[in-house]
There are 2 protein chains.
Amino acid sequence: MATISDVAKQTGLSSATVSRVINNYPHVSEEKRRLVHEAMEELGYFPNTSARNLRNRKTNLVAVLIPRLTNPFFTSILDGIEKVAEEKGFQLLICQTQSSKKKEMDFLTLLKTKQVDGVIFTSIENDWSEIKPYTESGPIILCNEYHRNATVPIIRLDQAYGSYLGTRHLIERGYRKIAFCHGSKSGLSNDRRKGFVRAMSEAGLPLNQEWIFHNTYTMEDGKNVLREIMNLRDRPNAVFTGGDEVASGVLKEAKRYGLKVPEELAILGFDDQPIASLIEPELTTICQPGEEIGSRTMSVFIDCLNGEIDRKQQSVIELPISLVKRKTT
Amino acid sequence: MATISDVAKQTGLSSATVSRVINNYPHVSEEKRRLVHEAMEELGYFPNTSARNLRNRKTNLVAVLIPRLTNPFFTSILDGIEKVAEEKGFQLLICQTQSSKKKEMDFLTLLKTKQVDGVIFTSIENDWSEIKPYTESGPIILCNEYHRNATVPIIRLDQAYGSYLGTRHLIERGYRKIAFCHGSKSGLSNDRRKGFVRAMSEAGLPLNQEWIFHNTYTMEDGKNVLREIMNLRDRPNAVFTGGDEVASGVLKEAKRYGLKVPEELAILGFDDQPIASLIEPELTTICQPGEEIGSRTMSVFIDCLNGEIDRKQQSVIELPISLVKRKTT
DNA sequence: CCGTTCTTTGTAATCGATTACATGGAATCG
DNA sequence: CGATTCCATGTAATCGATTACAAAGAACGG
């Protein structure tokens, strides 16, 4: 492979001048500029990225932590991040955490080793105290996640409000016995629980612990939830899930049991993924604008790199969340 | 940030010895080894990846070209790739091509600039003659794609057989008027057409050009296809689509028009994505094992890097493809 | 015409690691 | 005990770029 000094030799110039041409610096005569371009072409020269990164102390690489690549909501976020990244000349490193605390921490060392310029979390498993030390090494941004004491920019949706909205909608439709499905115990999931609890208590409805389900993520989990419900003596007549995938599992299995949706069981999703309007009856759900939250996040990230936003101080951008009424409620 | 020579200074040793400790070389006394570890801990030292990459002439980075992140079939491939990559200590660079020839070529320069050790194509837009020169710079692998004269390893499914299987199934069920939906004019799409044509001609059925649809990718495209069908004087009674998303669009719109599926219109998908068993009636489709094709690809990639497979010669691994009979045919 | 400024180019240090080669001392062997 | 081998460590070159500083010549102003 040709190096910059091969080009220098070929043209009879110094590598400094060649570098100036590569980086479009002024104060290089047109003639030499042309000469260098010709030589680069002829030798098939391309600058070595590792050498540049070493010298420039940056990589134009961002690590994106994502729990599962096969979750459409997260890929829509990723899509939003990617589009802005591509536009601004950044590359994305995929870090699938599988919701594992250990993997999350492992990926953070990419910052320490300067393999990436910064990290975007689209979900977070560890306590903030674990993460905080890494903020010294480069920008860390929370996307669709919220830690009360996180000292970084946060781009989020008001999850509590979203689930408040959803729960109130169920209550307005006359459902009183409402089940609720959790994901992990993260801040996000907590916020949703709060909104749920608030709407319930505002309506004077009691919380039935038998109707609270934990660790539900996939369609399969949704099916299991419904089976568990069927085994209860006192069954809920509405289910508020933590995601459209879970909701579609609940729906699928409900049909198998011959339950009428929404008459006998109302189902409320979260995300508004494409499947929401594909399944039948179409799923009422909470719309989370995945792509937009992603693109906003990447913009903020870039502003942090340029020092236009203080990366070590909490700042919150909140995007609107809304209820999409369809046929399952 | 602490560097290796800071560690050297702190311990009174040379950077060579420190490097030996970092890389677990033999011939370092236990005492010095401990000393170095202590100093690294104390200084919060992490080796700089760019410097290592420069010196070692490799990055442990792989570029994965993918048309759309929001297509579940491709993310299942990505998932398979990622799992093996993670296990073997590789990182993935996301390259969303949006099926653009230009972007595809742009991403290939990552190889030239040595930003990545190699490239995996999960779809390919340019002619092989455009790509070929880049094989000099590092391993290139085709995943789920096939170019007759590609001089690289290929991990693929027998697309022609898949669509042959699907078409024959439709014919066996008594459908004679079969529409066919294409994606791009890539090799993959071509193969599917071949299988379709073969099954049709074996059954002595004529091809109606009005029933061939091009450039169909999304659910929205599927809806459009059905609308176009409704406008035809002579309508097909079965549609073979190039993907489950397109199929679900066709189905959705067919229901809106009050068509009975499968009695009045049979629909056959391709991929076997999660939605296939979610929509109703459940979608008959061709199962493509996305995750497996991805993980096999990454394994082959690593074998290429280690020289255990000749990366500049065509080799083909073909995984089984099968028909999943459900309710739309 | 001389001093000043601007343009163009080169020299050499630098980024932070790895490693070929050298060296001195300890261990081993006949 | 002398020769040989092995172990532990250091010196300095190297990977391939960027850039501070120097320097020579051109342009310019009074």
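Chain identifiers are assigned alphabetically (A, B, ...) following the order of the sequence lines, protein sequences preceding nucleic acid strands; residue numbering begins at 1 within each chain. Quick caveat, the model's predicted, so the values are computed rather than measured.
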Q: Give B/R52 one of three labels, base, sugar-phosphate or nothing, depending on what nucleic acid heavy atoms sit under 4.0 Å from its own.
A: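 Sugar-phosphate, no base atom in range.
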Q) When we call it a touch if two heavy atoms are under 4.0 Å apart, what does A/R20 touch: a base, just sugar-phosphate, or nothing? A)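 Result for A/R20 = base.
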Under 4.0 Å: is that the gap between some side-chain N or O of [X] and OP1 or OP2 of [N]?
X     : N      : answer
A/R57 : D/dT18 : no
A/S29 : C/dT9  : yes
B/K32 : D/dT9  : yes
A/T3  : D/dG16 : no
A/Y25 : D/dT19 : yes

Give the rounded distance in Å between these two atoms: [atom1] of [X] and [atom2] of [N].
X     : N      : atom1 : atom2 : result
A/E30 : C/dT9  : CD    : C1'   : 15 Å
B/L13 : D/dG10 : CG    : P     : 5 Å
A/N48 : C/dA17 : CG    : C1'   : 14 Å
B/I4  : D/dC15 : CD1   : P     : 18 Å
A/N56 : D/dG16 : CG    : P     : 16 Å
B/N53 : C/dG16 : CG    : P     : 14 Å
B/D6  : C/dC15 : CG    : P     : 10 Å
A/I22 : D/dG16 : CD1   : C1'   : 10 Å

Q) Within 45° of the six-membered ring axis of A/F46 and under 6.0 Å from that ring's centre, is NZ or CZ of B/K114 located there? A) no
Q: Only counting residues at least two apart or in another chain, list the ones meeting side chain to side chain donor-acceptor pair (under 3.5 Å) with B/N306.
A: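 Counting only residues at least two positions away or on another chain, B/N306 forms no side chain to side chain donor-acceptor pair (under 3.5 Å).
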Q: Map B/T17 and B/L54 onto DNA chain C by nearest heavy atom, then report which one ends up closer to the 5' terminus.
A: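 Result: B/L54.
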**Q.** Heavy-atom pair with the smallest gap, counting every atom of A/F90 and A/D117
**A.**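 Nearest pair, atom of A/F90 first, then A/D117: CE2-OD2, 4.2 Å.
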Q: Let me see the working for A/F121 and A/I131 under side-chain contact (heavy atoms from CB on, under 4.5 Å), right down to the final yes or no.
A: CA-CA 11 Å; A/F121 281 83; A/I131 312 287; 4.0 Å; yes
Q) Quick one: do the A/N144 and A/Q159 side chains pair a donor with an acceptor below 3.5 Å? A) yes
Q) Starting at the 5' end of DNA chain D, which residue's closest nucleotide do you reach first, B/A51 or B/H27? A)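 Comparing both residues, the 5'-ward one is B/H27.
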Q.
Counting only side-chain heavy atoms from C-beta out, which of D/dG10, C/dA17, C/dG10 sits nearest to A/S14?
A. C/dG10
